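These notes are about the structure you will find just below.
Please read all numbers here as calculations on a predicted model, not as lab measurements. Both backbone and side-chain heavy atoms feed into the values below; hydrogens, waters and symmetry mates do not.
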Amino acid sequence: DMIAMRVSPPVRFAAIAAPGYFAVHGRPATPQDLLRHNCIRFRFDSGTIYRWEFERDGVSESIGVTGSLTLTDQPLMVDAAIDGIGIAFVPEHLALEALLDGRLERALDAWCPAYPGL
């Protein structure tokens, strides 16, 4: 007799980078294009590297990106993206302020749907 209650709103991830990064390296048009970019990867405590997950029109993509920087802290990933190191894939709310003030821009927006919260 359990009752499920939502404890968080839906979560949307965003692929983000500094405008200067996109000016030099271009903006990916599809998830597969990320394989030609320097991506800021996320490592779980278990040591597993997160595969970036995208979805559009019922098509799902899971991409094992590469990059020169791997972190275990998502706010640091946002900071690294602001510094122009590469593209990060983080929960949108962590990057919202920098997106609104222009320090960051989105890529692959149509491939980043919201997922149900916890």
Side-chain angles (χ1 to χ4, degrees):
D1 292 321
M2 286 181 49
I3 297 174
M5 293 183 60
R6 194 162 296 287
V7 295
S8 72
V11 176
R12 184 169 191 242
F13 273 69
I16 54 168
Y21 177 87
F22 287 136
V24 171
H25 301 284
R27 188 179 308 267
T30 69
Q32 290 295 324
D33 291 345
L34 291 167
L35 298 173
R36 295 189 299 272
H37 283 271
N38 191 41
C39 295
I40 303 163
R41 303 182 316 160
F42 178 78
R43 182 188 318 270
F44 292 101
D45 290 339
S46 67
T48 302
I49 302 294
Y50 175 66
R51 291 179 62 87
W52 295 12
E53 300 172 4
F54 299 93
E55 183 182 329
R56 180 178 179 185
D57 299 329
V59 175
S60 296
E61 296 266 351
S62 175
I63 307 295
V65 298
T66 60
S68 60
L69 183 61
T70 302
L71 298 168
T72 59
D73 184 278
Q74 292 175 328
L76 283 178
M77 294 172 67
V78 173
D79 292 341
I82 290 169
D83 289 342
I85 292 173
I87 301 173
F89 192 58
V90 297
E92 181 181 62
H93 70 272
L94 295 176
L96 198 53
E97 183 179 321
L99 286 165
L100 292 173
D101 68 20
R103 291 177 291 157
L104 291 173
E105 295 179 355
R106 297 174 192 270
L108 304 171
D109 199 40
W111 285 91
C112 299
Y115 297 100
L118 299 174

| Going from CD1 on Ile40 to CG on Leu76, what distance comes out if it is rounded to the nearest 0.5 angstrom? | 10.5 Å
| field | Sequence neighbours excluded - salt bridge (Lys or Arg N to Asp or Glu O under 4.0 Å) pairs with any residue from residues 17-30 | value | Arg27-Glu105
| Hydrophobic cluster partners of Ile49 (side-chain heavy atoms under 4.5 Å) | none
| said: Per the salt bridge (Lys or Arg N to Asp or Glu O under 4.0 Å) rule, what does the pair list look like for residues 51-65, sequence neighbours excluded? | reply: none
| remark: For Glu97, the side-chain contact (heavy atoms from CB on, under 4.5 Å) test, sequence neighbours excluded, returns Asp101, Arg103
| Test side-chain contact (heavy atoms from CB on, under 4.5 Å) applied to Ser46 - qualifying residues, sequence neighbours left out | Phe44, Thr48
| note | Connected to Val24, directly or through other members, by ILVMFWY side-chain contacts below 4.5 Å are none
| task | Drop me the distance from His25's NE2 to Asp33's CG, to the nearest 0.5 angstrom. | result | 14.5 Å
| task | Just grab all the side chain to side chain donor-acceptor pair (under 3.5 Å) pairs involving residues 63-73, residues at least two apart or on different chains. | result | Asn38-Ser68, Arg41-Thr70
| field | Trace of the side-chain contact (heavy atoms from CB on, under 4.5 Å) decision for Phe54 with Cys112 | value | CA-CA 6 Å; Phe54 299 93; Cys112 299; 4.0 Å; yes
Could you list the donor-acceptor pairs under 3.5 angstrom formed between side-chain atoms of residues 77-94 and any protein atom two or more places apart in sequence or on another chain?
from, atom 1, to, atom 2, distance (Å)
Glu92, OE2, Arg12, NH1, 3.1
Glu92, OE2, Arg106, NH1, 2.7
Glu92, OE2, Arg106, NH2, 2.9

| query | Does a side-chain heavy-atom distance below 4.5 Å link Phe22 with Pro28? | reply | yes
| query | Picking from Leu34, Leu69, Ile63, what satisfies side-chain contact (heavy atoms from CB on, under 4.5 Å) with Cys39? | reply | Leu34
